[in-house]
Every structure is written in structure tokens, then in C-alpha cells.
S.K.: 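Okay, handing you the structure first.
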Amino acid sequence: MKFFSLLAVAFLLCACSPKINANDKSPASKIKTGADQTELYLPLLKGKRVAIMANQTTIIGKTHLVDSLQKLGINIVKVFGPEHGFRGNASAGARVSDEIDQRTGIPIISLYGKKNKPSNEDLKDVDILVYDLQDVGVRFYTNINALSRLMEACEANNKTLLILDRPNPNGYLVDGPILDMKYKSGIGMFPIPMSHGLTVAEFAQMANGEGWLTNKVKADLKIIKVANYNHDMPYTLPVPPSPNLNTQQAILLYPSVCMFEGVYVNHGRGTYNPFTVLGSPAYKGIYSFSFTPKSIKGMAESPIFMDEVCYGIDLRNYDTEKLRKSKKINFEWIKELYKAHPKKEQFFESKFSNQMNNIEIQIGRGDFRQQIIDDVPIETIRAGWEPGLKAYKEMRKKYLLYP
């Protein structure tokens, strides 16, 4: 009877899975995320006390995985919420509190606030943990940091971590300097490039294999791979992964534009076009394009240059296929805006805004600031980090689950 009940649950969950258009012959139409393949992991959850790290991207079709599993009898005892919260409605960097999910009644324990890792007490009534968060493939996106801490907690409490893998929308891109660990921070914890070219499951294998977890521990992992996927495949995310990555354009520009969090330029926060527009009041008379950042609850409550007209670069219609073909992060925009800035001494000065990071923390190297100031050619800048990037690409091959 247990076998048939599992089949029934699998059938019902599969009915919620994305419907593939029979006439759609594109490779991406055949992609099945780990969560979609319920038949592979339901037997691991049935009869267990389950905890899930989840947010709004944790879906099967259009239904949240937590909602689906609870309705179908899986005993979810708690949810761990990352940055932006379980339902994805908290601003970047905002402290997220513990709460009870109104929809399901399940306790939600925030791992982006007072603590960043499950405690022994949190895991006492848990048999297995599930990680299912959509990532976007860059070092400064904090989901992989949350994953590493969850791995450490699992190892410390002798729990298995089940990873339901998802495609990396920037999976084609392996570029940027390797993080110099003297600049380790909450937006860069591991010696990987700015755009790492891994899915979360591949990253987890790398963190295990390279001894990056605290005390070089290794978590017990079970992985449900993405079906019919390779790193070069374009993949459009069905749900925004965070409030300020609200369009596919923003997600594809993110590896190149997020570095502007380390300069005195607004990169679209405080607009509904984050990571697709760049500007400052200082560029008035230099650029004709303009926008005015506002306080937007859940996205950016106090953006740089709030209520001021910013002038600069409009990337909303930029052809991101150029990035895909080059397989490189675009560093020309930061060079251009530095050259055009009438008060260059302000460009990298983080004291002007608490919304800024130091550029060294953002890029992961100590020489980038001066190289931009000195107008060093991009190819010369790249040559400085190429040996480290080449070694990373070779090491990366050991942990790939997909071509």
C-alpha cells in the first residue's frame, strides 16, 4: 500500500508540473528542475520529519513546493528562510524575523537576521533537510552562502541534505577575478570568480570537495539533478529570484552590473528597472537618459540619490546575446562612467552612502580601483586575474553535473 500511495502522491504532484508544449522543440522546453521530478525524491521524504530551506522560487509548476508537499501529506516541520524571506518579500539586506507562515501554519526560522545557521535545537526534530532555492550564478548572490551554512549544520547534526537542483540562468559564464580571501565578506565567502558557472548542487559538491566548509567538514548530500540541461542553455526563470532581480534582463545583466554596488552610482534600485539602468545626478548634461529613484517598499526603501534625477545609461533593451557570445562580464560600463564622472574622487568613495560596498569587497581584488582610475585597458586588467581563473576552470570540471 505504501508503494501505491507514493505513486499517487507523485502523480498528483506531477500534475502540477509545468506543461511542455508539444510543438515547442527548443532544448529549454525539455528542462525539468529537481523539484519537478517528484518521483525521484518523494520516497526520501515520505514518513520523515522534513525541514526545507525555501523561498518564492521553490516551486513545482506554479505551486510552491512547501504548499504542495504539505497538502499531499509530507510532514514539513519547519521552513528555513534566506535573504528576502520565505515568500520573497523582504528588501535586500533587510533583517528577516522568525514567524508562522499564514498560508500553511508552518514555523519559519529566518537564517538572515539574528542567526545565519540552524542550531542543534532547530534540527532536533528533523530527519532530513531539503534545499531548493533558485540561484543566479554569481559570487555576491547570498544563496550559496546560506547553502554552505546549511551543509555545516547538517554535518554537525548527522542529517542528510537533499538538494533539488535548478538551472543557472548565467551558467554559460565563468569569468571575473577569483576572490582574494582577504576581502572575504557576506557577499563573497569562497575563492570563486564573480560569475562561477555552477548550479547550486555543483557548488555544494565543490564546497565539500575543496574543504571550504568550517573545519573542512563534508556534508552528506543527495542531489536530484536537473533533467535535459547543460550550462550553455538559455533559461528564463519562472519566478523572480529576489525583489530587485524582477526581470530576465536584470538577471542576465546582473554579473556585469552588480559591481556598481561598489560605486557612487545608482544601478536602478528605487525604480522598477533595477540592474538595467545606471546613473547619477552628476551626469546631468553628459547623458540624456534619466530616471528618478524613489522609496519602494520591499525593493529599496532608501536608494542612492532618492528623489533626485539621475542621468546615465539605459540597458533595458541591451542585447544580452552579446554577453552570451563573448562569455565575458562587461567591464566597459564601469570604465565609461568613471571617465564621464565630473567628480572622480567621489566615484569609489563609500562614505557617501550606506547603500554602497567598498569596490574591493564587490570585485574581490585590491587593485581594481586603481586600475580603473589609471585607465588600464580591460584586457590588461583581465591578464592579472587570468591565471587564477584558469586554475578555477580546471578545478571546476571535477564537480560538474552537466555538460
Side-chain angles (χ1 to χ4, degrees), residues 24 26-29 31 33 55-57 59 83-84 88 92 133-144 165-177 187 192-200 202-203 226 229-263 265-269 271-279 289 291 299-300 312-337 362-363 378 382 389 396 402-403:
D24 186 353
S26 64
S29 71
I31 288 175
T33 68
N55 65 8
Q56 76 285 355
T57 67
I59 57 172
E83 183 177 5
H84 307 296
L133 299 179
Q134 177 65 60
D135 200 69
V136 295
V138 296
R139 184 177 67 218
F140 22 75
Y141 203 68
T142 60
N143 284 356
I144 57 173
D165 209 10
R166 291 183 178 271
N168 175 356
N170 291 302
Y172 74 94
L173 186 60
V174 184
D175 193 31
I187 58 166
I192 57 178
M194 290 169 65
S195 188
H196 52 66
L198 302 167
T199 67
V200 292
E202 290 172 328
F203 169 80
V226 183
Y229 171 70
N230 68 63
H231 289 93
D232 284 329
M233 278 185 178
Y235 179 69
T236 300
L237 272 59
V239 177
S242 51
N244 285 289
L245 288 177
N246 60 345
T247 65
Q248 187 71 3
Q249 185 78 351
I251 290 163
L252 297 178
L253 288 171
Y254 189 61
S256 298
V257 175
C258 195
M259 70 180 81
F260 284 90
E261 293 190 336
V263 302
V265 168
N266 183 288
H267 50 278
R269 289 191 187 271
T271 77
Y272 291 100
N273 302 293
F275 296 104
T276 63
V277 295
L278 301 166
F289 170 70
F291 61 94
M299 290 183 72
I313 300 173
D314 182 3
L315 299 173
R316 290 173 295 177
N317 295 311
Y318 178 80
D319 182 5
T320 54
E321 219 24 60
K322 293 178 182 178
L323 297 173
R324 181 172 289 279
K325 288 176 181 176
S326 73
K327 293 188 181 294
K328 292 180 179 178
I329 291 171
N330 188 315
F331 289 92
E332 296 296 342
W333 294 320
I334 198 167
K335 286 202 75 176
E336 175 185 339
L337 287 176
Q362 202 73 32
I363 295 293
I378 292 298
R382 285 182 170 280
L389 184 61
R396 171 179 172 267
Y402 316 97

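The structure presented is a predicted model; accordingly, all values stated were derived computationally and were not measured.
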S.K.: Taking only residues two or more places apart in sequence or in another chain, which ones pass side chain to side chain contact (heavy atoms under 4.5 Å, CB included) with T142?
M.R.: E83, N145
S.K.: Give every residue pair that meets the salt bridge (Lys or Arg N to Asp or Glu O under 4.0 Å) criterion with at least one member in residues 237-259, sequence neighbours excluded.
M.R.: none
S.K.: Could you tell me whether R269 and E261 have a side-chain N and a carboxylate O separated by less than 4.0 Å?
M.R.: yes
S.K.: More than 12 non-hydrogen atoms from neighbouring residues, nucleotides or ligands closer than 6.0 Å to CG on N317, yes or no?
M.R.: no
S.K.: Sorted by first residue and then second, give each salt bridge (Lys or Arg N to Asp or Glu O under 4.0 Å) pair with at least one member in residues 229-249; sequence neighbours left out.
M.R.: D232-K327
S.K.: Taking I329's backbone N and O only, do any of them form a donor-acceptor pair with D175's side chain (distance below 3.5 Å, no angle check)?
M.R.: yes
S.K.: Would you say the ring centroid of H231 lies under 6.0 angstrom from that of Y172?
M.R.: no
S.K.: Which atom names give the shortest non-hydrogen contact between G176 and P193, and what distance separates them?
M.R.: O-CB, 3.4 Å
S.K.: With sequence neighbours left out, write down each residue that passes ring pair (Phe, Tyr, Trp, His ring centres under 6.0 Å) with F331, or none if nothing qualifies.
M.R.: F368, W385
S.K.: Within the side chain of Q362, is there an N or O that forms a donor-acceptor pair under 3.5 Å with the backbone of C258?
M.R.: yes
S.K.: Look at the side chain of N143 and the backbone N and O of Q134, then say whether any donor-acceptor pair between them is shorter than 3.5 Å.
M.R.: yes
S.K.: What heavy-atom pair brings F275 and N244 nearest, and what distance separates the two atoms?
M.R.: CD1-O, 3.2 Å
S.K.: With D165, which residues qualify under salt bridge (charged side-chain N to carboxylate O under 4.0 Å, His left out), at least two apart?
M.R.: none
S.K.: Let me confirm one number: the CG-CD1 distance from L198 to I192, rounded to the nearest 0.5 Å.
M.R.: 7.0 Å
S.K.: State the OH-OG1 distance between Y229 and T199, to the nearest 0.5 angstrom.
M.R.: 7.0 Å
S.K.: Of N168, I31, I251, V226, which is the lone residue that meets side chain to side chain contact (heavy atoms under 4.5 Å, CB included) with Y235?
M.R.: I31
S.K.: Can you check whether L133's main-chain N or O pairs, donor with acceptor, with R166's side chain at less than 3.5 Å?
M.R.: no
S.K.: Using a distance-only test with no angle check, is there a side-chain donor-acceptor pair under 3.5 angstrom linking T57 and N55?
M.R.: yes
S.K.: Kindly say whether I378 contributes a backbone atom to a donor-acceptor pair with the side chain of E332 at under 3.5 angstrom?
M.R.: no
S.K.: In chain order, what residues pass the side chain to side chain donor-acceptor pair (under 3.5 Å) check against R324, with sequence neighbours excluded?
M.R.: none
S.K.: Show every salt bridge (Lys or Arg N to Asp or Glu O under 4.0 Å) that has at least one partner inside residues 242-259, sequence neighbours left out.
M.R.: none
S.K.: Which pair of non-hydrogen atoms, one from S326 and one from L323, has the smallest distance, and what is that distance?
M.R.: OG-O, 3.1 Å
S.K.: Can you name the residues that form a side chain to side chain donor-acceptor pair (under 3.5 Å) with N246, not counting sequence neighbours?
M.R.: none
S.K.: Tell me the salt bridge (Lys or Arg N to Asp or Glu O under 4.0 Å) pairs involving residues 245-258, sequence neighbours left out?
M.R.: none
S.K.: Taking atom CG of L173 and atom OH of Y254, what is their separation to the nearest 0.5 Å?
M.R.: 13.5 Å
S.K.: Check side chain to side chain donor-acceptor pair (under 3.5 Å) between R139 and all other residues, then give those that pass, not counting sequence neighbours.
M.R.: none
S.K.: To the nearest 0.5 Å, what is the distance between NZ on K328 and CZ on R382?
M.R.: 5.0 Å
S.K.: Out of curiosity, L253 CG to Y318 OH, how far, rounded to the nearest 0.5 Å?
M.R.: 8.0 Å
S.K.: So, using side chain to side chain contact (heavy atoms under 4.5 Å, CB included) as the criterion, who are the partners of L252 when residues are at least two apart?
M.R.: N170, Q248, T320
S.K.: To the nearest 0.5 Å, how far apart are CG in L245 and CG in L237?
M.R.: 9.0 Å
S.K.: For I363 and P177, work out which heavy atoms get closest and say how close.
M.R.: O-CG, 3.5 Å
S.K.: Name all residues meeting the side chain to side chain donor-acceptor pair (under 3.5 Å) criterion together with K335; count only those two or more places apart in sequence or in a different chain, and write none if there are none.
M.R.: D375
S.K.: Of all the heavy-atom pairs spanning S256 and N330, show the shortest one and how long it is.
M.R.: OG-N, 2.9 Å
